[in-house]
Visitor: 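Following this message is one structure expressed as structure tokens.
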Amino acid sequence: PPRRLCFCQVKLPKPSISMTPSGQVTWGQSISVTCSVPTQYSGGTFVLKKTSSSFQRTQSARSASATFSMAEVTLDNEGVYRCRYLLRDSGSDVSSPLSATLTLSVTGKNIHLKVQNPELACA
């Protein structure tokens, strides 16, 4: 019988995403966002994206996870983040589905930023 060629590609799972510390973050605090996949898919690259923004960071996976650090967060860091995992398989790049969303809320000094010059605001 004739041989049939099968071009099979790895199907990557959706990465998991978590933040330390979890919950609300205070202005100026440092945080870490960790993206991970099951260990059998190690050796790829994680991409951390912020929705509705051009923010994107890439990091090679250490085993099957990557940690993205953000020092001294401000209002600019607020938003919704997701991870994607990329793996090179048989010469082509395979991309995972996007992870669940992680929402970063920053509290603290933002109240003082809304009105930068109170004298003008009250005039």
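Numbering starts at 1 and runs along the sequence shown.
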Visitor: Determine the minimum heavy-atom distance between Asn77 and Glu72, stating which atoms define it.
Guide: OD1-O, 4.3 Å

Visitor: I need the minimum non-hydrogen distance between Pro21 and Ser30, along with the two atoms involved.
Guide: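 Minimum heavy-atom separation between Pro21 and Ser30: CD-O, 3.9 Å.
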
Visitor: Please step through side chain to side chain contact (heavy atoms under 4.5 Å, CB included) for the pair Val25 and Thr107, ending with a clear verdict.
Guide: CA-CA 6 Å; Val25 176; Thr107 61; over 6 Å; no

Visitor: We want to know whether Ser36 and Ser16 form a side-chain donor-acceptor pair, criterion being a heavy-atom distance below 3.5 angstrom.
Guide: yes

Visitor: To the closest 0.5 Å, what do you measure between CG (Leu48) and OG1 (Thr58)?
Guide: 9.0 Å

Visitor: Could you state whether Val33 and Phe55 fall into the same hydrophobic cluster, counting links through intermediate Ile, Leu, Val, Met, Phe, Trp or Tyr residues with side-chain heavy atoms under 4.5 angstrom apart?
Guide: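 Per the 4.5 Å side-chain linkage, Val33 and Phe55 are co-clustered.
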
Visitor: How long is the straight-line distance from CE of Met70 back to CD1 of Ile31, given to the nearest 0.5 Å?
Guide: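 Reported value, rounded in 0.5 Å steps: 4.5 Å.
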
Visitor: Return the minimal non-hydrogen interatomic distance between Thr39 and Ala64, and the atom names on each side.
Guide: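 Scanning both residues, the minimum pair turns out to be CA-CB, 3.7 Å.
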
Visitor: Would a 4.5 Å heavy-atom cut-off, applied to side chains only, mark Gln29 and Gln24 as touching?
Guide: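 No, too far: nothing below the 4.5 Å cut-off.
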
Visitor: Can you see whether Arg82 engages Thr51 through a side-chain donor-acceptor pair at a distance of less than 3.5 angstrom?
Guide: no

Visitor: If I take atom CE from residue Met19 and atom OG1 from residue Thr103, how far apart are they, to the nearest 0.5 angstrom?
Guide: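 The OG1 atom of Thr103 is 9.0 Å from CE of Met19, to the nearest 0.5 Å.
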
Visitor: Find out if a path of hydrophobic residues (ILVMFWY) with successive side-chain heavy-atom gaps under 4.5 Å connects Val47 to Leu102.
Guide: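 Val47 does not cluster with Leu102.
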
Visitor: Nearest 0.5 Å please: distance from the CG atom of Leu12 over to the OG atom of Ser96.
Guide: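 Those atoms lie 6.0 Å apart.
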
Visitor: Write down the atom of Leu87, the atom of Gly43, and the distance for their closest heavy-atom approach.
Guide: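 Taking Leu87 first and Gly43 second, the nearest heavy atoms are CD1-C, 3.8 Å.
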
Visitor: SG/Cys35 to CD/Gln59 distance, rounded to the nearest 0.5 angstrom?
Guide: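 If we round to the nearest 0.5 Å, Cys35:SG and Gln59:CD are 8.5 Å apart.
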
Visitor: Quick check: closest heavy atoms across Trp27 and Leu75, and the distance to 0.1 Å?
Guide: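 Looking at all heavy atoms of both residues, the closest pair is CZ3-N, 3.5 Å.
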
Visitor: Run the side chain to side chain donor-acceptor pair (under 3.5 Å) test on Arg84 and Ser99 for me, step by step, so that the C-alpha distance in whole Å, both residues' side-chain angles and the decisive distance to 0.1 Å come before the verdict.
Guide: CA-CA 6 Å; Arg84 186 185 292 280; Ser99 69; over 6 Å; no

Visitor: Under a 3.5 Å cutoff, is there a donor and acceptor pairing between the side chains of Ser65 and Thr34?
Guide: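 No - no donor-acceptor pair under 3.5 Å links their side chains.
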
Visitor: Any idea which heavy atoms bring Ala66 and Ser60 closest together, and the distance?
Guide: CB-O, 4.1 Å

Visitor: With a 3.5 Å distance limit and no angle check, can you tell me whether Glu78 reaches the backbone of Ser105 through a side-chain donor-acceptor pair?
Guide: no

Visitor: Counting distance only, does the side-chain N/O of Tyr85 pair as donor-acceptor with the main-chain N or O of Tyr41 below 3.5 Å?
Guide: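 Yes, Tyr85 side chain to Tyr41 backbone: donor-acceptor pair under 3.5 Å.
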
Visitor: Enter the distance from Arg62:CZ to Ser42:OG here, rounded to the nearest 0.5 Å.
Guide: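 Reported to 0.5 Å precision, the distance equals 13.5 Å.
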
Visitor: So, for Phe68 and Phe46, is the gap between ring centers shorter than 6.0 Å?
Guide: no

